[in-house]
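Numbering starts at 1 and runs along the sequence shown.
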Amino acid sequence: MKYPKPNFLKLSASMVTLGLLNSAFCFGQAVVKADFTTQKSIGGISSLDRNAYFNLHQGIPNSEFTDAEWNYLTKELKIGLGGRSFSGVGGLGADLKQLPDEKTMKKAGALQIAKFNSSQIPTQPYQLIATEHPKLVFSTKVDLEKLTDYTTHYFKYYYGGEKPLPQYYEPMNEPFVHAREFDKDNDAVIERMSEYHALLAKKLHQQVPGLKVVGYSSAWPEYDLNDFGIWESRMKKFMDIAGQDMDYLSIHLYDGMNLEGDIAKRSGSNSEAILDLIETYSQLKWGKVKPMLISEFGITGKGWSDRYMETRNPLTVNSMHNLVMGFIDRPDVIKLSIPFITGKSKWRLSGGNKTPYQWCISRPSQTDASGWEFTSLTQFYDFWKNVQGDRVEVQSSDPDIAVQAFIADGQGFLVLKNLEEEATEIELSTQLGKMKIKGIVQKTWYINPDSSVVYRTEKLKKLPTSLTMPKEGAMIFEIQYSGKPSAVVAKTMEHRKFYADQYILPIAKSTPVLFNINQVADRAEVATLRLSLSRKPGASLKPTVKFNGARLQVPEDWAGYDQAGRHDYFGTLYLEVDGSLIKKQNEVEIQFDDADGGRVSSVVLETSTIRKP
């Protein structure tokens, strides 16, 4: 190829790795057990849909890359054909106070369709989320009927023939954090924005039935702030007003700071608590969990948009590794997620500006003034590019060690991600059954103290029984074996979730907080109680918990960092439940004896039932 690829590995990578691992004494130990003889399904889904996780925040069809570049991205890095772009009616640039009528839009739309070049449309199915800047489509001074008619007519008349509709429309990008740009009454604007979503969705479903409507692309899910006041005034309000009309709910999850709030990490227990809260309220409100799109995820921070720094790229890749490990555990809920890695972002380089966009996957070459080069953000995709197949059962004794495992024809994959900010020693146990291993490739990725990255690949003859995970490091064992999964898999395990009948209950000292989890449909060998809490710094995070009268062991730790920099702790704890305790109707009792204050935001029972294939 004529364009430079990123330089993943330094010549000293192996020496650096050995030196760091020998000097990084571990403060924790974990046991990881992977069972390739047990195929796992979550909510009835076993296969890994790569197109749901490994995408670009880029328009489709591609308009920035050469054929050679696009082949590198999609065929070598195996980036999925899911994307997101600002590509809806806002591109017409109309004055919202003088919108064109339906007849005018119908005529103009036909001309646009006639001029459309379909040569760059992918032959494979793709999933595009179209969205808009709020000010291009919304106003508090224009009648909602006129605004929603305008957008509906656009999708009705500007697509057709060889010009396909996008699969999803997210009417406004991160609207609620921009509410004050429209009026000083923030709550009133949020309510009107929600009404806009509801009315628009009704019209689009009626007149453009092929388009799925998504909202509201929550930029700041700091839901526990002000005793869950942000939840009440934002996501809950949106779900109450417009949620019924949405095909999918949508949210953005970032480590760092996204537009508002303090610097914090979502990855780990905090993102799990956020998603469990949305799922729980959805179940309580509609009797089912409405599916979600994670239309952006990654990391950001104050000033990141102002100048480009290569040293930030490893942080971006690390956060994406962390977050996607959790998304993969929700295949029945999260239908599409978009890593916030953009294309070339040429718009940033207009008007004489020579500073690349921080999140671009390709930037002007530093050695060839006429060329482009890929950035180190490609490491996210390169690390994951081979992983495929059906889920198999894998467990970690430490919530800071996230794990995934898959089996496909002739291939098995074991993925480990250290969410902890210290190295961790791991005892690894693998059950391979009749799998005849031909060879193993181990990938290791982590960030050095000087912000450089070690990303190395080595060949093994067998899986290790112990290993050391560098702090915040990631590993994949790619196993080559003879045969098919049917010769290895001996049984299946079904994972299902059941939600409590209440949520966001207050904590009072020495007073039991009671939840019921009813209509548990099946027996279970083992189960996990997902307990999400919000408490002030210094308050206990280790309550007494009883499940149907039996006391459960409460862990000392949770997934991810300690949350010391946040206003409150808000995260999910995982408690093991003996399957024999589970009944059709179940009672959970939670009691704190240290002090009043805080909330139990959600309680979810996740059951695991073994069946023969």
Side-chain angles (χ1 to χ4, degrees), residues 1-14 16 54-87 117 119-120 122 256 296 298-301 303-321 338-386 443 445-448 450-457:
M1 295 182 182
K2 296 181 180 179
Y3 52 91
K5 297 181 186 179
N7 182 16
F8 288 162
L9 305 179
K10 298 180 178 179
L11 292 177
S12 60
S14 295
V16 171
F54 307 109
N55 303 293
L56 270 179
H57 196 278
Q58 164 81 6
I60 301 172
N62 154 59
S63 60
E64 290 191 319
F65 296 106
T66 66
D67 289 344
E69 290 170 331
W70 192 242
N71 285 336
Y72 170 68
L73 293 171
T74 58
K75 294 182 179 179
E76 186 167 334
L77 296 184
K78 301 176 184 177
I79 290 177
L81 289 176
R84 183 172 183 260
S85 67
F86 292 78
S87 56
N117 180 3
S119 63
Q120 289 185 315
E296 292 182 19
I299 190 172
T300 186
W304 276 42
S305 293
D306 299 333
R307 64 192 183 107
Y308 181 88
M309 294 177 61
E310 286 282 350
T311 53
R312 291 172 177 157
N313 286 350
L315 301 176
T316 299
V317 173
N318 185 59
S319 288
M320 290 177 176
H321 285 328
I338 309 293
F340 194 71
I341 298 177
T342 67
K344 293 181 175 179
S345 292
K346 291 182 178 180
W347 56 268
R348 176 62 178 263
L349 303 172
S350 61
N353 179 35
K354 297 182 179 180
T355 303
Y357 194 46
Q358 180 64 58
W359 297 273
C360 64
I361 201 169
S362 182
R363 57 168 294 174
S365 175
Q366 296 173 294
T367 57
D368 179 359
S370 63
W372 291 78
E373 64 185 14
F374 285 108
T375 71
S376 56
L377 292 180
T378 53
Q379 291 179 10
F380 173 66
Y381 304 104
D382 190 79
F383 183 81
W384 285 92
K385 67 182 180 182
N386 296 324
K443 291 180 178 177
W445 183 98
Y446 64 91
I447 305 173
N448 279 324
D450 65 357
S451 297
S452 64
V453 170
V454 171
Y455 180 24
R456 65 191 178 95
T457 300

**Asked** Between Phe65 and Ile361, does a side-chain contact (heavy atoms from CB on, under 4.5 Å) hold up when you go through it step by step?
**Response** CA-CA 11 Å; Phe65 296 106; Ile361 201 169; 3.8 Å; yes
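- Side-chain contact between Lys385 and Lys75 is absent, with no heavy atoms from C-beta onward closer than 4.5 Å.
- Put simply, OG on Ser362 and CH2 on Trp372 are 6.0 Å apart, with the number rounded to the nearest 0.5 Å.
- Closest of all the heavy-atom pairs between Gly59 and Ser85 is CA-CB, 3.7 Å.
- Residues Lys443 and Asn386 are in side-chain contact: their nearest non-hydrogen atoms beyond the backbone lie under 4.5 Å apart.
- For the pair Tyr446/Asn318, no side-chain contact is recorded, criterion being any heavy-atom separation below 4.5 Å from C-beta on.
- Side chains of Trp70 and Thr74 form a contact here, defined as non-hydrogen atoms less than 4.5 Å apart.
- Judged as a ring-ring contact (aromatic ring centres under 6.0 Å, His included), and not counting sequence neighbours, the contacts of Phe383 are His321.
- Atom CZ of Phe380 and atom CH2 of Trp445 lie 10.5 Å apart (nearest 0.5 Å).
- Here the closest heavy-atom approach between residue Gln358 and residue Arg312 is recorded as OE1-NH1, 3.0 Å.
- Considering all non-hydrogen atoms of both residues, Phe54 and Tyr381 come closest at C-CE2, 3.9 Å.
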**Request:** Apply the test side chain to side chain donor-acceptor pair (under 3.5 Å) to residues Asn313 and Tyr308: give CA-CA distance (whole Å), side-chain angles for both, the deciding distance (0.1 Å), then the verdict.
**Result:** CA-CA 10 Å; Asn313 286 350; Tyr308 181 88; 3.2 Å; yes
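- Between Leu349 and Pro364 the shortest heavy-atom distance is CD1-CG, 3.6 Å.
- Residue pairs meeting the salt bridge (Lys or Arg N to Asp or Glu O under 4.0 Å) criterion with at least one partner in residues 340-365, sequence neighbours excluded, are Glu69-Lys344, Glu310-Arg363.
- Other residues, nucleotides and ligands contribute only 12 or fewer heavy atoms inside 6.0 Å of the CG atom of Asp67.
- The minimum heavy-atom distance linking Ile60 with Gly83 is given by the pair CD1-N, 3.8 Å.
- From His57, atom NE2 reaches atom CZ of Phe86 across 5.5 Å, with rounding to the nearest 0.5 Å.
- Interatomic distance, CG of Leu73 versus CD1 of Ile79, reported as 4.5 Å (0.5 Å rounding).
- With rounding to the nearest 0.5 angstrom, the CZ atom of Phe374 is 7.5 Å from the CG atom of Leu77.
- The CG atom of Leu56 sits 7.0 Å away from the CD1 atom of Ile341 when rounded to the nearest 0.5 Å.
- The minimum heavy-atom distance between Ser376 and Val317, with the atom names listed, is O-CG2, 4.0 Å.
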**Request:** Mind running side-chain contact (heavy atoms from CB on, under 4.5 Å) on Ile447 and Leu315 for me, showing each step along the way?
**Result:** CA-CA 8 Å; Ile447 305 173; Leu315 301 176; 4.2 Å; yes
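- Applying the salt bridge (Lys or Arg N to Asp or Glu O under 4.0 Å) rule to pairs touching residues 78-87 yields Arg84-Glu170, Arg84-Glu296, sequence neighbours excluded.
- Among residues two or more places apart in sequence or in another chain, the side-chain hydrogen bond (donor to acceptor under 3.5 Å, both in side chains) test is passed with Thr342 by Ser345.
- Applying the side chain to side chain contact (heavy atoms under 4.5 Å, CB included) rule to Thr311 yields the partners Met309, Ser451; only residues at least two apart in sequence or on another chain are considered.
- Residues meeting the ring-ring contact (aromatic ring centres under 6.0 Å, His included) test with Tyr357, sequence neighbours left out: Trp347, Trp359.
- For the residue pair Asp382 / Thr378, no side-chain donor-acceptor distance below 3.5 Å is found, with atom types taken as modelled.
- Checking side-chain atoms of Asn448 against main-chain N and O of Asp450 turns up no donor-acceptor pair under 3.5 Å.
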